[in-house]
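Sequence lines set the chain letters: A, B, ... in the order given, protein chains first and strands last, and positions in each chain run from 1. What you are looking at is a predicted structure, and each value in this text was computed from that prediction instead of being measured.
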2 protein chains.
Amino acid sequence: MPKNCNFIEKLREVGLRPTKQRVKMCEVLYNREKTFHFTINDLVKLLSEKMNQKISLATVYNTVHAFEKKGYLKEISIDSHKSYFDTNTSAHHHFFDEDTHELIDCDESDIDKVNIRKNITGKKINSVEVLVRVASDNQTQK
Amino acid sequence: MPKNCNFIEKLREVGLRPTKQRVKMCEVLYNREKTFHFTINDLVKLLSEKMNQKISLATVYNTVHAFEKKGYLKEISIDSHKSYFDTNTSAHHHFFDEDTHELIDCDESDIDKVNIRKNITGKKINSVEVLVRVASDNQTQK
DNA sequence: ATCTACATTATAATAATTCTAAACTGTTGA
DNA sequence: TCAACAGTTTAGAATTATTATAATGTAGAT
Ligand SMILES: [Mn+2]
Ligand SMILES: [Mn+2]
Ligand SMILES: [Zn+2]
Ligand SMILES: [Zn+2]
């Protein structure tokens with residue numbers, strides 16, 4: 001309960017009204033130790049099942065995209081069939097577990113700086129991100 | 001006309017019947033110097049407008065996915081809202097032009113080998129791919 | 001307490017993709 | 001050569017993810 005004050009302020013700063021739906025959404029998104037990777041459906045389920053917050057799908061979409069525009073969330077393209085979002089909004093690298101479909105942030109130290117030798121003429125580099133696809137080691141998979 | 005024989009054989013080898021739709025599709029996909037990156041819609045348009053091959057959307061989807069399963073095409077996740085496919089099926093790196101939404105293969109020499117220092121326990125690395133997002137240099141974009 | 005701008009909601013609309021089932025066609029072997 | 005069959009194409013329906021709409025609700029100011 002007291003923690004929510006942070007979120008209320010946070011929302012205000014960004015120009016969003018701290019409604020109960022948004023505060024609950026903040027709790028789900030940001031009350032955690034580690035980066036949170038999720039789909040819209042993950043988030044709706046967490047809100048309704050774990051947080052007992054009835055909320056419409058449209059509100060979740062709208063608010064997630066509002067957060068994204070404000071730089072509080074980042075959309076990640078890992079699977080063309082689904083949108084993943086990430087509470088870590090910096091450019092960073094990922095492991096993607098192809099068994100569980102889980103996204104995991106790489107630590108800074110996990111991957112050396114990527115050296116780009118040649119760029120497209122007349123273009124500047126906005127971001128460089130690495131995706132490492134991993135899968136179970138002990139599986140018979142040709 | 002003589003070139004098509006290659007495609008007819010290619011299709012046969014893979015266990016697909018060399019129908020005129022599939023042969024035309026092969027021409028569009030593989031009769032080119034460089035890697036081809038496309039969306040399903042790009043392909044349908046090329047087939048109907050450039051090749052004068054009337055073809056249903058369902059057939060394009062089915063055949064593209066058949067090729068994908070056979071390892072003749074690879075799906076690329078660049079934009080969660082659209083599926084891109086690639087005639088280069090090896091693990092490789094890309095530039096993505098955020099102005100034109102164009103995907104461009106990196107040459108081997110463009111990017112140094114990516115050094116992964118630490119992996120997820122019990123998992124093996126299936127692929128390591130880099131995505132470099134670029135945009136116009138001379139644009140006012142904060 | 002009332003007002004008002006903004007938010008929430010259910011529902012409709014749209015877009016991408018997949019499914020279905022009937023019509024069609026490449027291949028085989030009589 | 002040609003019927004028969006199995007695989008293929010097709011139009012359109014169904015499904016799924018996402019976005020738009022417009023009526024209703026509510027936070028925050030006065
Ligand atoms: Mn999106
Ligand atoms: Mn696909
Ligand atoms: Zn992340
Ligand atoms: Zn490519």
Would you tabulate the pairs of protein nitrogen or oxygen atoms and nucleotide nitrogen or oxygen atoms of nucleotides 24-26 of chain D closer than 3.5 angstrom?
none

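For the pair B:N88 (side chain) and B:H92 (backbone), a donor-acceptor distance under 3.5 Å is absent.
The side chain of B:P18 sits closest to C:dG26 out of D:dT8, C:dG26, D:dA27. Minimum atom distance to the side chain of A:Q21 is reached by C:dT8, of the listed D:dT9, D:dA27, C:dT8.
In this structure, A:K45 is not positioned above the aromatic face of A:F38 in the sense of NZ or CZ being under 6.0 Å from the six-membered ring centre and within 45° of the axis.
One can place CG of A:L11 at 10 Å from P of D:dG28, the figure rounded to the nearest angstrom. Following rounding to the nearest Å, A:E75 (CD) and D:dA17 (C1') show an atom-to-atom distance of 12 Å. B:R22 has its CZ atom 12 Å from the P atom of C:dG26, to the nearest Å. One atom, CG of A:L16, and another, P of C:dA5, lie 18 Å apart when rounded to the nearest Å.
Taking the six-membered ring wherever Trp is involved, the centroid distance between the rings of A:H65 and A:F85 falls below 6.0 Å.
Of the residues in residues 39-62 of chain B, those lying under 4.0 Å from DNA chain D by heavy-atom distance are B:K54, B:I55, B:S56, B:A58, B:T59.
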Which donor-acceptor pairs under 3.5 Å do side chains of residues 11-21 of chain A form with protein atoms, sequence neighbours excluded?
{"unit_1": "A:T19", "atom_1": "OG1", "unit_2": "A:R22", "atom_2": "N", "d": "3.4"}

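Ion pairing between a basic and an acidic side chain is recognised when a charged N comes within 4.0 Å of a carboxylate O; A:D110 and B:K118 show such pairing.
The aromatic rings of B:Y72 and B:Y30 sit perpendicular to each other, their planes meeting at more than 60°, with 30° as the lower class boundary.
A donor-acceptor pair shorter than 3.5 Å cannot be found between the side chains of B:E108 and B:H93. Side chain to side chain, A:T35 and A:D105 meet the donor-acceptor criterion of an N or O pair below 3.5 Å.
The phosphate of D:dT19 has OP1 or OP2 within less than 4.0 Å of a side-chain N or O from A:H65. Taking only side-chain nitrogens and oxygens, B:R12 comes nearer than 4.0 Å to OP1 or OP2 of C:dT27.
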